[in-house]
Amino acid sequence: MNLILFGPPFAGKGTQAKNLYADFKIPQISTGDILRKAVREGTEMGKLAGPLMAAGAYVPDEIVIGIVEERLKEPDCVNGFVLDGFPRTPPQAEALERMLARLGKKLDAVVSLEVPTEKLIERGSGRRSCPTCGAVYHVYQNPPKRAGFCDKDDTSLSQREDDKAEVIEKRLKKYETETASLKQFYAQRGLLKSIDGVGSPEGIYEDIKKALGKA
Ligand code: AMP
């Protein structure tokens, strides 16, 4: 199954990508995670992307397109993949079509998680992550066992630079102006499955499986 998980920041794409991996062994390809790793490791790409990400801006198309093309060639993508956070612009969506054709693959569905803006802001401002392993928590909805520390490696949790209130607002605006129109692009191709992204993660996952004919 070759999927795109589509939706604004904090829609729950990462959580649902992990559920899909657990059931179908299709890897999550998160351009945000790959870029954050590059920033942590201080690579050339990370040095370029870091300030843009911290400001809630997009990383240039050619960089993220290159990341995805390399990743899709990895052997673990033979049975499918879940793209999370890509494509975000029309040129990225068009490049994805060309690259999938080159690789002899095609998209099966684009699952769009629909969540109202107020909810996104509430989720975003409470998000905390582990700088060591990347595990994600929420101060109210998914708190760690010991407040402020990662369950997996006991590292002190922090708020991502781009999860600060003023940056959250910019990211959501950017989604509205540059990314949301892609829903139309995929609806025209008959691939779009819109899912209500408010509710329990388990219930939302059931709806996703139904929409994919896998329930
Ligand atoms: P995410 O974790 O998907 O919300 O991504 C975090 C940040 O990484 C975004 O706010 C962008 O700065 C950058 N980023 C991730 N994916 C893309 C993409 N497809 N195009 C441009 N920038 C991206």
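Read the numbers this way: they start at 1 and go in the same order the structure lists the ligands and their atoms. Treat the numbers as computed from the prediction; the structure is a model and nothing was measured.
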Shared-cluster residues of I204, by chain and number - hydrophobic side chains joined below 4.5 Å: M1, L3, L5, L20, F24, I26, V82, V111, L113, I195, Y205, I208, L212
Residue, atom name and distance, where the atom is the protein heavy atom closest to atom 7 (C) of ligand 1: M53 CE, 3.8 Å
For atom 10 (O) of ligand 1, closest protein heavy-atom neighbour: R171 NE, 3.8 Å
Are any of the N or O atoms of [X] closer than 3.5 Å to those of ligand 1?
X    : answer
D84  : no
D162 : no
A57  : yes
R88  : yes
L35  : no

Test log, rule side-chain contact (heavy atoms from CB on, under 4.5 Å), inputs F149 and T155: CA-CA 6 Å; F149 294 89; T155 305; over 6 Å; no
From T31, V59, V136, T89 - option closest to atom 21 (C) of ligand 1 by heavy atom: V59
R171 NZ/CZ over Y175 ring centroid, <6.0 Å and within 45° of normal: no
Row check, Y186 ring normal vs K183 NZ/CZ: under 6.0 Å, within 45°: no
Matching residue for I67 among I29, V59, L35 - test: side chain to side chain contact (heavy atoms under 4.5 Å, CB included): L35
Ionic contact status for E166 with K170, cut-off 4.0 Å: no
Part of E178 within contact of ligand 1 (heavy atoms, under 4.0 Å): neither
Under-4.0 Å heavy-atom contact with ligand 1, by part of Q92 that carries it: side chain
R36 touching ligand 1 at heavy-atom level, < 4.0 angstrom: yes
Test log, rule side-chain contact (heavy atoms from CB on, under 4.5 Å), inputs R123 and V115: CA-CA 10 Å; R123 287 183 188 176; V115 180; 3.9 Å; yes
K25, NZ: over 12 other non-hydrogen atoms inside 6.0 angstrom: yes
